[in-house]
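Notes to accompany the following structure.
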Amino acid sequence: MRNTQSQNLGGLGMRALCAVMIIALSACAPRPGGETLTVVPAAQPTGKSVAITVASTRGREAETGDYTDARAHQMNFERFTIAIPPSHEASRIEWPEEEPDPSRSFAVTAREPLSALDIQRGAGGRQDVMVFVHGYNQTFPESLFRLAQVAVDGDLPEQPILFAWPSAGTVVGYVADKDAAAYSRDELAAVLSTLAADPDVGKITLFGHSMGGWLVAETLRQLRLLGKDAVIERLSDVVLAAPDIDVDVFRKQIEVIGPLEPPMAILVAPDDRALRISAGLAGARPRVGRTNASTPAVQALAKKNGVQLVDISGIGAVDGTHHNRFASLVQLIPEQRDGLTQTRAQVGAFILDPVSATLVALSR
């Protein structure tokens with residue numbers, strides 16, 4: 001009886017902790033709405049700009065065209081051009097205070113509806129692409145502008161593609177978001193299949209953040225079970241940042257997916273507060289994104305499953321959740337691209353040294 005009481009108190013403690021953290025995370029500035037996507041003329045002089053292709057399972061308002069959290073019966077495709085203000089600070093998104101102003105905030109300067117997935121052709125040859133799958137509790141403008149920030153700060157040579165699934169964009173919408181992500185598996189598989197079959201597409205990087213990491217893993221598992229190995233083999237790199245995946249579920253997923261070349265990279269941080277919440281909501285089941293890479297058992301599992309597990313907790317946190325470090329991580333890429341590329345072939349557990357931007361092996 002004493003043990004049962006202790007367990008019950010522990011459960012109540014976890015739920016109370018989660019409730020407090022949810023309240024704390026909710027007590028922030030109002031979320032950006034569709035008005036942030038108003039098309040405005042580019043300012044002169046202006047900072048950088050980036051074109052982003054969108055493939056979305058979100059529904060759209062018939063009158064305004066705004067993306068919603070409804071689940072679309074068929075995919076929506078569009079291309080956005082986003083201006084970055086000259087005063088942009090790395091890892092930040094300068095949100096419009098009222099109306100978008102390219103001289104002071106992120107701003108959409110052009111929108112082009114597409115009838116199907118169509119990457120923007122690069123001049124003089126094949127175009128490399130990066131497919132970004134956002135995480136839980138994201139509005140459409142948040143996911144779009146975050147990808148723009150990553151592309152600009154990382155000086156990415158790839159054409160960015162946003163796979164936008166219908167997140168409710170609320171902290172309390174965790175279960176609804178999980179269902180919405182599951183709803184979008186077939187469409188993400190279709191996007192990857194289209195890119196893989198396009199002779200004008202070069203290297204394909206697939207990047208999933210948070211619950212988007214779960215969606216990526218589920219989609220790769222689905223492609224493997226359907227015998228679409230050729231699609232997976234066309235992927236040049238697969239990265240899961242702070243993946244919100246049950247550890248036991250991931251073991252099952254990776255058993256089916258199998259080793260990738262280069263190895264799947266998993267970016268983790270034991271102090272990730274958002275994943276602490278999701279673990280509590282899932283009955284205290286540990287999440288892959290909060291894995292402690294220094295644990296010998298974890299190091300052995302990483303090698304056994306042919307993945308590269310990287311602790312990025314040394315990177316400065318973007319916000320109080322410690323969940324979006326990938327947004328700061330990209331700042332290291334332009335100057336250290338060659339060095340980081342050389343270590344991508346290695347499996348096992350590593351820690352990222354933010355000073356030297358190198359991976360230090362934690363296992364021998």
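- Between S167 and D177, the side chains place a donor N or O and an acceptor N or O closer than 3.5 Å (distance only, hydrogens not considered).
- Aromatic ring centres of F145 and F140: separated by at least 6.0 Å.
- A centroid separation of 6.0 Å or more is found between the aromatic rings of F132 and F163.
- Under 4.0 Å is where a charged nitrogen must lie from a carboxylate oxygen, and between R58 and D69 no such pair does.
- With a 6.0 Å cutoff to the six-membered ring centre and a 45° limit on the axis angle, R60 counts as a cation-pi contact of Y67.
- One side chain, D244 or Y174, offers a donor N or O that lies under 3.5 Å from an acceptor on the other.
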Worksheet item: Where do R251 and V247 land on the side-chain contact (heavy atoms from CB on, under 4.5 Å) test, with the steps shown first?
Response: CA-CA 6 Å; R251 287 197 185 101; V247 170; 3.8 Å; yes

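- Checking side-chain atoms of R224 against main-chain N and O of I257 turns up a donor-acceptor pair under 3.5 Å.
- Ion pairing of D271 with R325 is present here, as a side-chain N (NZ or NE/NH1/NH2) and a carboxylate O approach within less than 4.0 Å.
- The residue from T36, N137, T170 that alone fulfils the side-chain hydrogen bond (donor to acceptor under 3.5 Å, both in side chains) condition with R31 is N137.
- Salt-bridge formation is detected for the pair E78/R111: a Lys NZ or Arg NE/NH1/NH2 atom is positioned less than 4.0 Å from an Asp or Glu carboxylate oxygen.
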Practice prompt. List the steps, then state whether side-chain hydrogen bond (donor to acceptor under 3.5 Å, both in side chains) holds for T139 with E142.
Written response: CA-CA 5 Å; T139 66; E142 286 170 341; 3.2 Å; yes

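- The closest donor-acceptor contact from the side chain of R92 to the backbone of V318 lies at 3.5 Å or more, if one exists at all.
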Fill in: side-chain contact (heavy atoms from CB on, under 4.5 Å) evaluation trace for V201 with I204
CA-CA 8 Å; V201 172; I204 304 171; 3.7 Å; yes

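- Within the 3.5 Å criterion, the main-chain N or O of K203 finds a donor-acceptor partner in the side chain of D128.
- Using a 4.0 Å cut-off between a side-chain N of Lys or Arg and a carboxylate O of Asp or Glu, R126 and D200 do not qualify as a salt bridge.
- Classified by interplanar angle (parallel below 30°, tilted 30° to 60°, perpendicular above 60°), the ring pair H134/W165 is parallel.
- Side chain of D237 to main chain of T205: no donor-acceptor pair is present (N/O by atom type, distance under 3.5 Å, no hydrogens or angles).
- Judged by distance alone, the side chain of Y136 and the main-chain N or O of V171 form a donor-acceptor pair under 3.5 Å.
- Judged by distance alone, with hydrogens and angles left aside, the side-chain atoms of E255 form no donor-acceptor pair with the main-chain N or O of Q253 at under 3.5 Å.
- Heavy atoms from other residues, nucleotides or ligands lying under 6.0 Å from NZ of K228 number 12 at most.
- Using a cut-off of 4.0 Å between Lys/Arg side-chain N and Asp/Glu carboxylate O, R290 and D272 are scored as not salt-bridged.
- Outside the 6.0 Å centre-distance limit, the rings of W214 and F250 are not counted as a close aromatic pair.
- Hydrophobic clustering of Ile, Leu, Val, Met, Phe, Trp and Tyr side chains at less than 4.5 Å, counting indirect connections, keeps L301 apart from V249.
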